[in-house]
Number of protein chains: 2
Amino acid sequence: MINTRFSVAIHILSLVSAQTDKGVTSDFIAKSVNTNPVVIRRIGSLLKKANLLKGGPGVTGYSLVKKPQQITLLEIYKAVTTEEELFAIHDQPNPNCDVGRNIQATLNTSLTQAQQAMENELKRQTLADIIEHLSKQ
Amino acid sequence: MINTRFSVAIHILSLVSAQTDKGVTSDFIAKSVNTNPVVIRRIGSLLKKANLLKGGPGVTGYSLVKKPQQITLLEIYKAVTTEEELFAIHDQPNPNCDVGRNIQATLNTSLTQAQQAMENELKRQTLADIIEHLSKQ
DNA sequence: TCATTTGTAACAATTATAGTTACATTTTGT
DNA sequence: ACAAAATGTAACTATAATTGTTACAAATGA
């Protein structure tokens with residue numbers, strides 16, 4: 001299961017895009033997410049590195065760098081994901097075995113396709129889609 | 001990152017389908033995967049519950065229940081995956097907040113689509129594809 | 001009967017995640 | 001210039017999942 005950072009990141013960006021008038025602080029976001037403000041700042045930090053959010057010490061709250069239509073879920077996903085690969089492949093299989101020798105390359109090809117399929121779908125959806133869906137609930 | 005059980009499961013099934021003459025024991029498989037035989041039996045147990053493998057106490061080694069062409073990677077994935085959902089969604093968001101109240105349903109819709117895209121790709125590939133790719137390396 | 005193998009419980013080591021406290025740093029408003 | 005307020009981040013903890021390991025009961029077949 002992929003951790004909640006991705007979900008929380010989308011939550012953060014949704015809140016920031018909703019409140020354009022006043023600064024959306026980590027404390028305010030934390031109350032909506034129901035977690036500790038440091039958890040928000042930690043993820044906010046990743047989103048800043050990915051050029052999705054701006055803000056910083058002394059500046060009250062975060063704001064968006066781009067419009068919601070220009071932010072894909074894939075960008076958000078990549079921003080908060082440390083591992084490049086979705087599927088782990090066991091290491092050091094036996095090179096003296098026909099299967100062991102070739103399994104890693106084969107799995108890599110195969111599983112990368114599955115990961116690509118998922119990422120393509122995340123690329124298709126934007127933060128604007130999320131916001132629209134949120135308001136229609 | 002999704003754990004190595006899935007990769008190891010594909011490795012196991014590849015070995016079992018390769019060696020049709022003699023029984024493929026957990027010890028033999030463990031040497032190819034480079035792990036402990038109990039790890040293999042544990043995953044083998046899951047594959048038996050999913051009706052992909054047969055064998056048991058007293059019977060030496062495992063054998064396939066179906067032909068490799070009839071085993072999709074999705075079946076293998078589901079067999080060794082305990083969680084139904086690929087993406088975790090943070091729980092208990094604030095119901096007194098417009099975003100907090102609706103974020104779970106929205107994320108569920110959105111992320112399920114990404115999961116579906118991945119699963120559809122896993123469904124498209126079979127164990128036979130893996131075996132073919134292995135031999136062509 | 002006996003050797004062999006699987007099934008599974010139980011435990012340990014390692015790692016990732018999420019929550020928390022604490023505090024330095026930065027900005028803004030007065 | 002100063003104070004208040006907020007962010008950035010280090011450090012630590014608790015919890016849970018994963019993987020490896022030992023041990024042993026249960027089942028099979030020669």
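Per chain, numbering begins at 1; letters A, B, ... match sequence-line order.
Looking at heavy atoms from C-beta onward, Leu122(A) lies out of side-chain contact with Gln113(B) at the 4.5 angstrom threshold.
Under a 4.0 Å N-O distance rule, the pair Arg124(A)/Glu119(A) does not qualify as a salt bridge.
Around atom NZ of Lys123(B), no more than 12 heavy atoms belonging to other residues, nucleotides or ligands sit under 6.0 Å away. Counting non-hydrogen atoms of other residues, nucleotides and ligands closer than 6.0 Å to NZ of Lys66(B) gives a total above 12.
Within the nucleic acid shown, Thr4(A) comes within 4.0 Å of sugar-phosphate atoms alone, with no base atom in reach, counting heavy atoms only. Residue Asn3(B) is classed as a sugar-phosphate contact, given heavy-atom separations below 4.0 Å to backbone atoms only. Contacts of Thr35(A) with the nucleic acid, taken as non-hydrogen atoms under 4.0 Å apart, involve only primed sugar atoms and P, OP1 or OP2.
In this structure, the CD1 atom of Ile12(A) is 11 Å from the P atom of dT7(D), given to the nearest Å. Going from atom CD of Glu85(B) over to atom C1' of dA17(D) covers 18 Å, rounded to whole Å. Rounded to an integer number of Å, the gap from CZ of Phe6(A) to C1' of dA16(C) is 19 Å. If you take CG of Asp91(A) and C1' of dT14(C), they are 14 Å apart, rounded to a whole angstrom. Atom C1' of nucleotide dT7(D) and atom CG of Leu53(A) are separated by 12 Å, given to the nearest angstrom.
The side chain of Val38(A) has dA10(D) as its nearest neighbour among dT5(C), dA10(D), dT7(D). Across dT17(C), dG19(C), dG20(D), the shortest atom-to-atom separation from the side chain of Arg5(A) is found for dT17(C). The Asn36(B) side chain lies nearest to dG20(D) when the options are dG20(D), dA18(C), dT20(C).
Between His11(B) and His90(A), the ring planes lie tilted relative to each other; the angle falls in the 30° to 60° range. Aromatic ring orientation, Tyr77(B) versus Phe6(B): perpendicular (interplanar angle above 60°, classes split at 30° and 60°).
Of the residues in residues 40-49 of chain A, Arg41(A), Arg42(A), Ser45(A), Lys48(A) come within less than 4.0 Å of DNA chain D through at least one heavy atom, sorted by number.
The heavy-atom pair separating Met118(B) from Phe87(A) by the smallest distance is SD-CZ, 3.6 Å. Scanning both residues, Leu134(B) and Asn102(A), for their nearest heavy atoms gives O-ND2, 3.4 Å.
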Q. In the 5'-to-3' direction, what one-character label does each nucleotide of nucleotides 25-30 of chain C receive under the scheme B = base within less than 4.0 Å of a protein heavy atom, S = sugar-phosphate only, - = no such atom?
A. BBB---
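For Thr25(B) and dT5(C), the shortest distance from a side-chain N or O to OP1 or OP2 is not below 4.0 Å.
Each of Asn34(B) and Glu83(B) was matched to the nucleotide of DNA chain D holding its nearest heavy atom; the match closer to the 5' end belongs to Glu83(B). Of the two residues contacting DNA chain C, namely Met1(B) and Pro37(A), the nearest-nucleotide position lying further toward the 5' end is that of Met1(B).
For the residue pair Gln69(A) and Thr126(A), no side-chain donor N or O sits within less than 3.5 Å of a side-chain acceptor on the partner.
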